Amino acid sequence: MLKNITYPIFKIQNSVSVTGSDLKNLRKFYAPILGSNAVLLYEYLRDLSYSESDDSGYYDYDSLTYLLNMDIKTLNDARIKLESVSLISTFIDEFNRKTYFVLERPLDSSSFKKNLILANKLIKIIGLQSFERLMGRERNLFLSKAKDLLDASAKYDEVFDQDNDLGFELASHEIDPSDISTTEIND
């Protein structure tokens, strides 16, 4: 972890295209965890990655302090928070004395729920009811109106032999997905 950026000249790359719905997910799921400065920095870096105004594609990290109205410590704290949840990766080119940021796509609600670390952190901050309400907003309208639906989807263990996949034998008891809580994992 770099507390300070050594080389202020930087370039931004996207590992994948970050869309408007990705930015919505960023604000919706990550803002309570990261705070507004980190969200602003991510969105600004994303905008710069699509900007073609600079011929070389390089920018000055120190100039972000006045463009985003943040001091350098606040800017670095925001960058470190983004790195900690894998929204950006920072690379240093010692030879050319440049910094490279690689932007990653924010998780959608389905992936966010499956990430136990982030889901638990968000639950701790906003509470379980708010978390469930936030995650439930993306439900399919048809499924939310339909009653008495039975999930008939194939399960992994019904299709594949589990013993060979993990290299060890799993416990013989079944886990009911409706009983799984993201707040703790039981062995």
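Atom set for the values below is all heavy atoms of this structure, side chains included, hydrogens, waters and symmetry mates excluded. Only a predicted model underlies this, so the values are computations on that prediction, with no experimental measurement involved.
- Listed by first and then second residue, the ring pair (Phe, Tyr, Trp, His ring centres under 6.0 Å) pairs involving residues 67-91 amount to none (not counting sequence neighbours).
- Scanning for side-chain hydrogen bond (donor to acceptor under 3.5 Å, both in side chains) contacts around T99 gives an empty result, with sequence neighbours left out.
- Criterion: ILVMFWY side-chain heavy atoms under 4.5 Å apart, direct or through other members. Under it, Y50 and L103 are part of a common hydrophobic cluster.
- Partners of E94 according to the side-chain hydrogen bond (donor to acceptor under 3.5 Å, both in side chains) rule, which considers only residues two or more places apart in sequence or in another chain, are Y7.
- When the side chain to side chain contact (heavy atoms under 4.5 Å, CB included) test is applied to S86, no partner is found at least two apart in sequence or on another chain.
- Taking every heavy atom of both residues into account, S49 and N14 meet most closely at OG-ND2, 3.2 Å.
- A perpendicular orientation is assigned to the rings of Y58 and Y100, their planes being inclined by more than 60° (bins at 30° and 60°).
- Summarising the geometry, atom OH belonging to Y30 is positioned 10.5 Å from atom CG belonging to L122; distances are rounded to the nearest 0.5 Å.
- Partners of D93 under the side-chain hydrogen bond (donor to acceptor under 3.5 Å, both in side chains) rule, at least two apart in sequence or in another chain, are N96.
- Listed by chain and residue number, S21, D22 satisfy the side-chain hydrogen bond (donor to acceptor under 3.5 Å, both in side chains) test with T19 (two or more places apart in sequence, or in another chain).
- With hydrogens and angles ignored, the 3.5 Å screen pairs a side-chain donor or acceptor of T65 with a backbone N or O of D62.
- Rounding to the nearest 0.5 Å gives a distance of 14.0 Å between OG1 of T6 and NZ of K98.
- Within the structure, ring pair (Phe, Tyr, Trp, His ring centres under 6.0 Å) contacts touching residues 66-88 (residues at least two apart or in different chains) do not occur.
- Considering only heavy atoms from C-beta on, L41 stays 4.5 Å or farther from F101 through its side chain.
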Audit row: I88, I12, side chain to side chain contact (heavy atoms under 4.5 Å, CB included) steps and yes/no
CA-CA 10 Å; I88 66 168; I12 308 161; over 6 Å; no

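- Side-chain contact between L26 and V18: absent, with no pair of heavy atoms (C-beta onward) separated by less than 4.5 Å.
- Side-chain contact between L107 and N25 is absent, with no heavy-atom pair separated by less than 4.5 Å.
- Screening residues 68-77 for side-chain hydrogen bond (donor to acceptor under 3.5 Å, both in side chains), with sequence neighbours left out, gives N4-N76, Y61-N76, D71-T74, K73-D77, N76-R79.
- In this structure the side chain of L64 reaches within 4.5 angstrom of the side chain of F10, judged on heavy atoms.
- Each side-chain hydrogen bond (donor to acceptor under 3.5 Å, both in side chains) pair with one or both residues in residues 33-47, not counting sequence neighbours, appears once here: R27-E43.
- The side chain to side chain contact (heavy atoms under 4.5 Å, CB included) check on K121 picks up I33, I125, with sequence neighbours excluded.
- For the side chain to side chain contact (heavy atoms under 4.5 Å, CB included) test, no residue two or more places apart in sequence or in another chain qualifies with S84.
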